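Remember, it's a predicted structure, so these values are computed and weren't measured experimentally.
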Amino acid sequence: QVQLVESGGGLVQAGGSLRLSCAASGRTFSSYGMGWFRRAPGKERECVAAINWSGSNTYYADSVKGRFTISRDNTKNAVYLQMNSLKPEATAVYYCAANLRGGVLPRYFGSWGQGTPVTVSS
């Protein structure tokens, strides 16, 4: 199994930027798809971005396209989410997740971190 620990969340003004990091354990990290999900107050959990095992395929929610970038470094067992031009509606707890099948399909993300909160003030 994989252990995931998120960091980098915090309080930021609208229009600002944050970079979230996720550190993963395990010798098979390079075979996992990785993703970032969020749960905002009063809303369902949604997949914000995902990246397959090699980095050749990515997914972004329509609401963040052009502003968020997911990346990974398999030499460091790490995945990142660069968030630019942040809007108040991005306020949520952000979770790192692993897809043991290696792809980006949401149904296969089954390992989760504890989450890191992001608050965007207006």
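- Within the model, atoms CG of L81 and OG1 of T116 stand 11.0 Å from one another, a figure rounded to the nearest 0.5 Å.
- The cluster map of Ile, Leu, Val, Met, Phe, Trp and Tyr, joined by side-chain heavy atoms under 4.5 Å apart, puts I70 and V93 in different clusters.
- Residues passing the ring-ring contact (aromatic ring centres under 6.0 Å, His included) test with F29, sequence neighbours excluded: none.
- One hydrophobic cluster, built from ILVMFWY side chains closer than 4.5 Å, holds both V118 and V48.
- In this structure K65 satisfies the side-chain hydrogen bond (donor to acceptor under 3.5 Å, both in side chains) test together with D62, sequence neighbours excluded.
- With sequence neighbours left out, the side-chain hydrogen bond (donor to acceptor under 3.5 Å, both in side chains) criterion links Y32 to T28.
- Among all heavy-atom pairs drawn from R67 and L86, the shortest one is NH1-CA, 4.1 Å.
- Qualifying salt bridge (Lys or Arg N to Asp or Glu O under 4.0 Å) partners for E89, counting only residues two or more places apart in sequence or in other chains: none.
- Residue pairs that meet the salt bridge (charged side-chain N to carboxylate O under 4.0 Å, His left out) test with at least one member in residues 106-118, sequence neighbours left out, do not exist here.
- S54 is linked by a side chain to side chain contact (heavy atoms under 4.5 Å, CB included) to N52, S56, counting only residues two or more places apart in sequence or in another chain.
- Pairing each heavy atom of Y60 with each of T69, the nearest pair is OH-CA, 3.4 Å.
- Through direct or relayed side-chain contacts under 4.5 Å between Ile, Leu, Val, Met, Phe, Trp and Tyr, W53 connects to no other residue.
- Judged as a disulfide bond (SG atoms under 2.5 Å apart), not a single pair has a partner in residues 23-59 (not counting sequence neighbours).
- Among residues at least two apart or in separate chains, side-chain hydrogen bond (donor to acceptor under 3.5 Å, both in side chains) pairs with a member in residues 93-105 are R38-Y94.
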Distance-only criterion, 3.5 Å: show the donor-acceptor pairs between side-chain atoms of residues 4-15 and protein atoms not counting sequence neighbours.
from, atom 1, to, atom 2, distance (Å)
E6, OE1, Q114, N, 3.1
E6, OE1, G115, N, 2.9
E6, OE2, C96, N, 2.7
E6, OE2, G115, N, 3.3

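- Residue pairs meeting the side-chain hydrogen bond (donor to acceptor under 3.5 Å, both in side chains) criterion with at least one partner in residues 70-84, sequence neighbours excluded, are S17-N84, R72-N74, D73-T75, Q82-N84.
- The stretch residues 101-122 participates, sequence neighbours left out, in these ring pair (Phe, Tyr, Trp, His ring centres under 6.0 Å) pairs: F37-F109, F37-W112.
- A distance of 6.5 Å separates CZ of R39 from CD of E44, quoted to the nearest 0.5 Å.
- Under the 4.5 Å side-chain heavy-atom criterion for grouping Ile, Leu, Val, Met, Phe, Trp and Tyr, M34 is not connected to L105 through any hydrophobic cluster.
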